Amino acid sequence: RASVHALKYRGMRLVAEPMSRHLVSRLPIRFVEPEVVWTPVPLHWRRWLSRGYNQSAILARALADTVSHESPRILLRRRRNTPTQTARSYRERHANVRNAFEVPHGMNVPEAVLLIDDVITTGATVEECARVLKDAGAKWVGAFAFGLTHNG
């Protein structure tokens with residue numbers, strides 16, 4: 001929790017490297033196969049501007065460097081600036097992110113995609129991202145995060 005908060009809220013980007021080293025032993029072999037393209041869960045541009053970075057993108061890049069995987073690609077865009085998911089119930093989280101993501105126009109979506117996020121709580125965000133990617137042509141979408149919690 002301290003590492004996630006340091007990265008996400010305090011701008012301590014360097015914590016992504018030890019976080020990625022911690023994740024290596026938990027990374028399924030399927031996720032590092034060369035045909036699997038990694039993509040971070042996107043932030044809306046307004047949140048990116050206020051924070052100055054996307055913590056999921058930083059973590060994805062650090063993990064790719066740690067295991068010598070191809071650099072993550074941006075396959076999704078957050079089209080709605082959704083309110084934070086914190087303190088929302090399971091149903092509220094799913095409703096909050098419904099239709100919040102899109103594949104940029106003209107983007108070729110690979111057949112196998114791994115979504116990388118800092119924390120998965122109910123799965124609402126990664127489920128919605130996966131739905132959008134599959135609608136755009138992905139055959140397989142996995143998800144991987146530093147933290148897994150249950151709330152709602």
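Computed from a predicted structure; not experimentally measured. Worth knowing before you read on, the calculation uses all heavy atoms, side chains too, and leaves out hydrogens, waters and symmetry mates. If you read the sequence from its start, that first residue is 1, and numbering goes on from there.
- Side-chain heavy atoms closer than 4.5 Å link hydrophobic residues (I, L, V, M, F, W, Y) into clusters, and following such links, possibly through other members, connects Phe31 to Val67.
- Interatomic distance, Ile29 CD1 to Leu27 CG, rounded to the nearest 0.5 Å: 7.5 Å.
- Nearest heavy atoms, Ile116 versus Ser56: O-CB, 3.6 Å.
- Taking all atoms of both residues into account, the shortest heavy-atom contact from Glu70 to Arg73 is OE2-CD, 3.7 Å.
- No side-chain heavy atom of Asn54 sits less than 4.5 Å from a side-chain heavy atom of Arg47.
- Note: Glu102 CD to Arg78 CZ = 12.0 Å, rounded to the nearest 0.5 Å.
- Of all heavy-atom pairs between Asp118 and Ala145, the closest is O-CB, 3.8 Å.
- Ring geometry for His69 against Trp38 counts as parallel: the plane angle stays under 30°, on a 0 to 90° scale with 60° as the upper cut.
- For the pair Val97 and Arg80, the tightest heavy-atom approach, listed with the atom from each and the gap, is C-NH2, 3.8 Å.
- Atom CG of residue Leu133 and atom CD of residue Glu111 lie 13.0 Å apart, to the nearest 0.5 angstrom.
- Using a 4.5 Å heavy-atom cutoff, the side chains of Gln55 and Ile58 are not in contact.
- Counting only heavy atoms from C-beta outward, the side chains of Val37 and Thr39 never approach each other to under 4.5 Å.
- Contact check on Arg30 versus Glu35 returns a salt bridge, with a Lys/Arg side-chain nitrogen under 4.0 Å from an Asp/Glu carboxylate oxygen.
- Put simply, CH2 on Trp48 and CG on Leu43 are 9.5 Å apart, with the number rounded to the nearest 0.5 Å.
- Looking only at side-chain heavy atoms (C-beta outward), Phe101 and Thr125 come within less than 4.5 Å of each other.
- Residues Leu76 and Val41 have side chains not in contact (no heavy-atom distance under 4.5 Å, counting atoms from C-beta outward).
- Contact record, Leu75 with Met107: CD2-SD, 3.8 Å, taken as the closest heavy-atom pair.
- Counting all heavy atoms, side chain and backbone alike, Leu115 lies closest to Cys129 at CD1-CB, 3.7 Å.
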Check against side-chain contact (heavy atoms from CB on, under 4.5 Å), Asn99 and Arg131: CA-CA 10 Å; Asn99 297 316; Arg131 184 190 66 77; 3.3 Å; yes
